[in-house]
Amino acid sequence: MTTINDFDFKDKKALIRVDFNVPLDEHFQVTDTTRIVSAKPTILKILEDGGSCILMSHLGRPKGVSPEFSLKHIVDTVTEIIGVSVKFVDDCVGSTVEEAARSLEQGEILLLENLRFYEEEKNGDLEFAQQLSKLGDIYVNDAFGTAHRAHASTTIVAQFFEGNKCFGSLLAKEIESINKVFKDSKKPVTAILGGSKVSSKITVIENILDKVDHLIIGGGMSFTFIKAQGGRIGDSICEDDKQELALEILKKAEEKGVKVHLPVDVVAADAFSNDANTQFVDIQHIPDGWQGLDAGPKSNVGFSFVIAQSKTILWNGPLGVFEMKKFAKGTIELGNAIADATAEGAFSLVGGGDSVAAVKQFGFADKVSYVSTGGGAMLEMLEGKSLPGIEAILN
Ligand code: AMP
């Protein structure tokens with residue numbers, strides 16, 4: 001895997017695809033700087049080598065040129081975070097941009113205008129990619145959040161940098177983390193899959209059955225399994241048309257020697273509300289009119305026990321409706337168990353959607369080994385797909 005550490009950027013212009021698709025408030029202020037902060041190590045390494053950086057990104061989903069999606073809104077924030085004054089050019093291709101890139105000196109940063117002002121970006125247009133390629137000597141992809149898209153700046157442009165392309169440190173870290181779970185993992189490996197639906201995680205389950213020793217299935221998706229096994233799940237969320245699939249998954253897991261752990265009890269509520277009445281019930285016997293909205297205490301103890309024995313842990317999806325305080329305990333206890341196992345030396349990766357939000361909300365981000373920065377991209381990695389943005393650098 002070629003990374004920025006394999007290059008000396010002295011007197012080189014690095015064309016870096018970053019993911020600066022950050023949320024803005026109504027005054028165009030950045031409300032979450034995580035993605036900018038994540039790109040900092042790559043930018044600093046290049047500047048410290050004596051190179052210069054041309055940063056390109058998309059922001060939002062503009063239809064053509066729309067000022068509210070201009071990357072000019074984030075110039076001050078990027079300047080503040082990187083600690084170097086950032087220059088801005090109000091286009092991303094063409095002679096003005098080429099001149100701005102050419103006149104860039106050692107240690108300087110140039111931010112280009114939103115790539116998605118051109119539909120050629122999403123279309124993966126070759127000519128547009130070639131125009132972008134004129135701006136730098138070395139292409140660096142550090143945008144994990146868009147690595148699953150074959151867009152001009154994430155994938156197509158790489159072909160113009162034969163021998164001069166590499167992963168930024170963020171993207172390299174994402175790849176290393178998933179490899180630590182799937183390729184060079186220390187056993188036992190445990191995956192925890194939660195969230196609302198079996199259907200959205202089915203490809204992930206199928207892919208990881210070959211790679212894990214334990215599979216904990218929690219959250220809303222567990223009820224489809226319990227019902228398929230003949231349990232009474234009351235009004236809990238369920239995909240009736242996926243019951244057969246659930247049984248097939250359990251059979252396959254058994255054949256492959258994967259131990260599946262489902263919740264044994266739940267916090268049942270008489271309404272989907274934080275003000276609902278609640279009771280702990282056996283997951284096989286949830287009364288009509290009640291729905292399971294969180295893992296119960298016995299389940300939490302059982303899951304924590306499995307996690308304590310694990311050397312590698314992958315977590316995707318909450319164990320309950322953690323957005324409501326009354327149903328967050330299962331997810332919090334799971335986070336605690338993973339944090340404890342990590343402190344004992346296990347490798348833990350949290351990625352792909354709502355579990356990242358939960359980890360941040362409950363303060364576990366610093367207590368797990370790695371929190372992935374790309375929801376959709378990480379899900380596709382967990383599904384075993386190769387991502388075009390990654391392939392473009394490897395090939
Ligand atoms: P996903 O996007 O598939 O990872 O699902 C995440 C969502 O699943 C969160 O918004 C949770 O509130 C929801 N969820 C988790 N457990 C349950 C449950 N028992 N019933 C309904 N929704 C749930």
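Counting from 1, the numbers follow the sequence of the chain as shown.
Under the 4.5 Å side-chain heavy-atom criterion for grouping Ile, Leu, Val, Met, Phe, Trp and Tyr, F167 is connected to Y139 within one hydrophobic cluster. Hydrophobic clustering of Ile, Leu, Val, Met, Phe, Trp and Tyr side chains at less than 4.5 Å, counting indirect connections, unites V368 with I332. Following chains of ILVMFWY side-chain contacts shorter than 4.5 Å, one can reach V258 starting from I217, so the two form part of one hydrophobic cluster. L112 and V75 are not part of a single hydrophobic cluster, where members link through side-chain heavy atoms under 4.5 Å apart. Note on M56 and I109: separate hydrophobic clusters, where clusters join Ile, Leu, Val, Met, Phe, Trp and Tyr whose side-chain heavy atoms are under 4.5 Å apart, directly or indirectly.
Salt bridge D240/K227: present, at least one basic N to carboxylate O contact under 4.0 Å. Under a 4.0 Å N-O distance rule, the pair D19/R35 qualifies as a salt bridge. E255 and K251 are joined by a salt bridge, as a carboxylate oxygen and a charged side-chain nitrogen come within less than 4.0 angstrom of each other. A salt bridge is absent between D90 and K72; no separation between the charged side-chain nitrogens and carboxylate oxygens falls under 4.0 Å. D213 and K187 are joined by a salt bridge, as a carboxylate oxygen and a charged side-chain nitrogen come within less than 4.0 angstrom of each other. With respect to the salt-bridge test (charged N to carboxylate O, under 4.0 angstrom), the residues K180 and E176 do not qualify. With respect to the salt-bridge test (charged N to carboxylate O, under 4.0 angstrom), the residues R17 and E121 qualify. Ion pairing between a basic and an acidic side chain is recognised when a charged N comes within 4.0 Å of a carboxylate O; K197 and E239 show no such pairing.
Under the 4.5 Å side-chain criterion, counting only non-hydrogen atoms from C-beta, F144 is in contact with M378. For the pair I46/V140, a side-chain contact is recorded, criterion being any heavy-atom separation below 4.5 Å from C-beta on. Taking the side chain as every heavy atom from C-beta outward, L59 and F20 never approach each other to under 4.5 Å. No side-chain heavy atom of W315 sits under 4.5 Å from any side-chain heavy atom of L349. Contact annotation: the side chain of D125 never approaches that of I156 to less than 4.5 Å [non-hydrogen atoms, C-beta and beyond]. Using a 4.5 Å heavy-atom cutoff, the side chains of F225 and I249 are in contact. In this structure, the side chains of L319 and F303 come closer than 4.5 Å at one or more pairs of heavy atoms. At a threshold of 4.5 Å between non-hydrogen side-chain atoms, the residues V93 and Y118 count as touching.
Taking all atoms of both residues into account, the shortest heavy-atom contact from V306 to H261 is CG2-CE1, 3.5 Å. Closest non-hydrogen pair, D235 versus G289, comes out as OD2-CA, 3.1 Å. Contact record, A253 with V260: CB-CG2, 3.5 Å, taken as the closest heavy-atom pair. Scanning both residues, A268 and V281, for their nearest heavy atoms gives CB-CG2, 3.7 Å. Residues L293 and F272 approach most closely at CD2-CD1, 3.7 Å, considering heavy atoms.
Panel note: side chain D294, backbone V267; no donor-acceptor pair is recorded below 3.5 Å. Between the K367 side chain and the G335 main chain, no donor and acceptor come within less than 3.5 Å of each other. Side-chain atoms of S355 come within 3.5 Å of backbone atoms of G317 as a donor-acceptor pair (strictly under, hydrogens ignored). Without hydrogens or angle criteria, H73 side chain to P67 main chain gives a donor-acceptor distance under 3.5 Å. Panel note: side chain Q291, backbone D270; no donor-acceptor pair is recorded below 3.5 Å. The main-chain N or O of T34 is found under 3.5 Å from a side-chain atom of S38 such that the two form a donor-acceptor pair. Without hydrogens or angle criteria, D137 side chain to K12 main chain gives no donor-acceptor distance under 3.5 Å. A donor-acceptor contact shorter than 3.5 Å links the side chain of D6 to the backbone of T3. In this structure a side-chain-to-backbone donor-acceptor pair under 3.5 Å is missing from K360 to A365.
Side chains of N179 and D184: a donor-acceptor N/O pair is absent below 3.5 angstrom, by distance only. The closest side-chain donor-acceptor pair between N316 and K201 falls under 3.5 angstrom. Checked by atom type, the side-chain pair S299/D265 shows a donor-acceptor distance below 3.5 Å. Side-chain N/O atoms of S185 and T312 include no donor and acceptor closer than 3.5 Å. Donor-acceptor pairing under 3.5 Å is recorded for the side chains of T342 and S348. Side-chain contact of E113 with S70: a donor-acceptor pair under 3.5 Å is present, judged by distance alone. At a cut-off of 3.5 Å, with distance as the only test, a side-chain donor of T373 or E174 sits close to an acceptor on the other residue.
Environment of CD in E119: sparse, with no more than 12 heavy atoms of neighbouring residues, nucleotides or ligands closer than 6.0 Å. Residue K173 places its NZ atom among 12 or fewer non-hydrogen atoms of other residues, nucleotides or ligands, all under 6.0 Å distant. With a 6.0 Å radius and a threshold of 12 heavy atoms from other residues, nucleotides or ligands, E254 has its CD atom at or below the threshold. Around CZ of F305, the count of heavy atoms belonging to other residues, nucleotides or ligands within 6.0 Å does not exceed 12. In this structure, E68 places its CD atom where more than 12 heavy-atom neighbours from other residues, nucleotides or ligands lie under 6.0 Å away. Enclosure of atom NZ in K326 by more than 12 non-hydrogen atoms of other residues, nucleotides or ligands within 6.0 angstrom is indicated. More than 12 heavy atoms of other residues, nucleotides or ligands sit less than 6.0 Å from atom CD of Q279.
With values rounded to the nearest 0.5 angstrom, L250 atom CG is found 5.5 Å from Q229 atom CD. Taking CG from D49 and CD from Q106, the interatomic distance works out to 10.0 Å, rounded to the nearest 0.5 Å. Note: I283 CD1 to F223 CZ = 4.5 Å, rounded to the nearest 0.5 Å. Once rounded to the nearest 0.5 Å, the distance linking OG1 of T42 with NZ of K40 reads 12.5 Å. We find the SG-CG distance between C92 and L71 to be 9.5 Å, quoted to the nearest 0.5 Å. In this structure, CG on L314 lies 14.0 Å from OH on Y370, to the nearest 0.5 angstrom.
Between F362 and F322, the ring planes lie perpendicular to each other; the angle is over 60°, past the 30° to 60° tilted range.
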* To do: Decide yes or no on side-chain contact (heavy atoms from CB on, under 4.5 Å) for H151 and R116, but give the supporting numbers first.
  => CA-CA 10 Å; H151 294 169; R116 290 201 191 161; 3.6 Å; yes

* Asked: Is there a side-chain contact (heavy atoms from CB on, under 4.5 Å) between T146 and H58 once you walk through the steps?
  -> CA-CA 9 Å; T146 47; H58 76 284; 3.3 Å; yes

* To do: Determine, step by step, whether E99 and R102 satisfy the salt bridge (charged side-chain N to carboxylate O under 4.0 Å, His left out) criterion, reporting the C-alpha distance in whole Å, the side-chain angles of both residues, the deciding distance to 0.1 Å, and the verdict.
  => CA-CA 5 Å; E99 183 45 42; R102 212 177 0 254; 3.0 Å; yes

* To do: In sequence, state the C-alpha distance, the side-chain angles, and the governing distance for E333 and K329, and then conclude on salt bridge (charged side-chain N to carboxylate O under 4.0 Å, His left out).
  => CA-CA 6 Å; E333 291 211 1; K329 193 151 190 254; 3.2 Å; yes

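H148 pairs with exactly one of K385, M381, E380 by the side chain to side chain contact (heavy atoms under 4.5 Å, CB included) rule, that one being E380.
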